[in-house]
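Working notes, structure below.
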Amino acid sequence: MSKTAMRASQKDFESALSQVKRLKDPGNEVKLKLYALYKQATEGPCNTPKPGVFDLINKAKWDAWNALGSLPKETARQNYVDLVSGLSSSSDSSSQVKPEADRKQPGYETLVVTSEDSITKIMMNRPAKKNAITIQMYNEIMLALKAASKDDSAITVLTGNGDYYSSGNDLSNFTDIPPEGIEEKAKSSAILLRDFVDCFIDFPKPLIAVVNGPAVGISVTILGLFDTVYASSRATFHTPFSHLGQSPEGCSSYTFPKIMGPAKAAEMLIFGKKLTAAEACAQGLVTEVFPDSTFQKEVWTRLKAYSKLPPNAMRISKQVIRNREKEKLRAINAEESRALQERWLSDECTNAVMNFLTRKAKL
Ligand SMILES: CCCCC/C=C/C(=O)SCCNC(=O)CCNC(=O)[C@H](O)C(C)(C)COP(=O)(O)OP(=O)(O)OC[C@H]1O[C@@H](n2cnc3c(N)ncnc32)[C@H](O)[C@@H]1OP(=O)(O)O
């Protein structure tokens, strides 16, 4: 029987609604389609006033819903279920591990992932946006780490393309509010954050950050979960959580005081003090700083030598060093994510994000 000949039951629809939350970010166009079909299936034809031209996001949503005209509720429900089922099967097949030696691995839109000389390199690749981390990029980094944990490389590297390592969370992640509302958005973001950070806590091989330029927010906090951090002399390390009405994540509330002592950690995590590469190295967050002019050459020569060491010995050494803290780190991650879920609903956070998005503020 063809899909369209079948009728989606209310149960199918509800299961598609929960399935959609677990999918890899399908991109804005598909999200608009999902939104429109959801509204049509639950409320019928578009019946709200058209938002103003400057209300870009709500106008795009309204346009998508309005374009469905008088499509019957049942057909919209069926189309929603079919769309989610198509997205689920393509995301299942893209999450399978396909070892691709010596060349760029397919299936990533926000990253360039390569495996060469026993090194898997995961490069954040939104240079025009300073490698700000979108929902799609969080999901792709998790996929790439899971694949790297199973491939035959000895070590794994995270780095950035362009002049920034990463400017942290993409602040426009906060503008994409689902039909279920802002609380649901905060909840799903906290789950995403917890899952993302857990991937770093659990990563079984030596994990190296090659910090090619300035790093902000979550791209800094997770450095405490890496085994080695190499920085260009141009890199800076900035965690402006209070400025953004937010609180620390990435287990930094535990790793930073442990690495640099509580007083220095407080200056970074509470007061948002930005560190130079030399300062971050003196405080133990960075392993070594290289002059920017020779950074790539020196770092990759070093890493190629390390990648020839016996891989099993390196894995076991990492396990011995890290394993006894894993449970604790997972609990801290869960607690930090819960605190942020509340912060994201606060006026302090909403105002800070709006000020950035309306170009009134930068760090
Ligand atoms: C769901 C899990 C959440 C986990 C919680 C994570 C928290 C964090 O990571 S908090 C940190 C968030 N990051 C920021 O607040 C940084 C915001 N960005 C800036 O302040 C500045 O862009 C800059 C200082 C990083 C760079 O300034 P500048 O050199 O002047 O470059 P532009 O501002 O012109 O940036 C170019 C282009 O990129 C866009 N962009 C940069 N960073 C972000 C970002 N974090 N989110 C969204 N967009 C970003 C910027 O808007 C420009 O875009 P266009 O104007 O379209 O060219």
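These numbers come from a predicted model, not from an experiment. Both ligands and their constituent atoms are indexed starting at 1 by order of listing. We number each residue from 1, following the sequence as shown.
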L193 near ligand 1, heavy-atom distance under 4.0 Å?
yes
Option nearest atom 13 (N) of ligand 1 (shortest heavy-atom distance, choices G168, S167, G217):
S167
Just let me know how [X] lines up against ligand 1, side chain, backbone, both or neither, with a heavy-atom cut-off below 4.0 Å.
| X | answer |
| --- | --- |
| F196 | neither |
| A128 | backbone |
| F174 | neither |
| L244 | side chain |

Does the N or O separation between Q246 and ligand 1 drop below 3.5 Å for any pair?
no
Please confirm whether I218 comes within less than 3.5 Å of ligand 1 when only nitrogen or oxygen atoms on both sides are compared.
yes
E180/K185 ion pair, N-O < 4.0 Å:
no
Got a salt bridge between K326 and D198, using NZ or NE/NH1/NH2 to carboxylate O under 4.0 Å?
no
What class does the angle between the rings of Y35 and W65 fall in, given that below 30° is parallel, 30 to 60° is tilted and above 60° is perpendicular?
perpendicular
Counting the benzene-type ring for Trp, do F295 and Y230 have ring centres under 6.0 Å apart?
no
Numbering as shown, the atoms of ligand 1 that approach A132 to under 4.0 Å (heavy-atom distance)
43 (C), 44 (C), 45 (N), 46 (N)
What atoms in ligand 1 come closer than 4.0 Å to a heavy atom of K129?
38 (O), 39 (C), 40 (N), 41 (C), 42 (N), 53 (O), 54 (P), 56 (O)
Can you check whether E109's main-chain N or O pairs, donor with acceptor, with E140's side chain at less than 3.5 Å?
yes
Think K39 forms a cation-pi with W62, using NZ or CZ under 6.0 Å from the six-ring centre and within 45 degrees of its axis?
no
Can N169 and N173 be counted as having a side-chain donor-acceptor contact under 3.5 angstrom?
yes
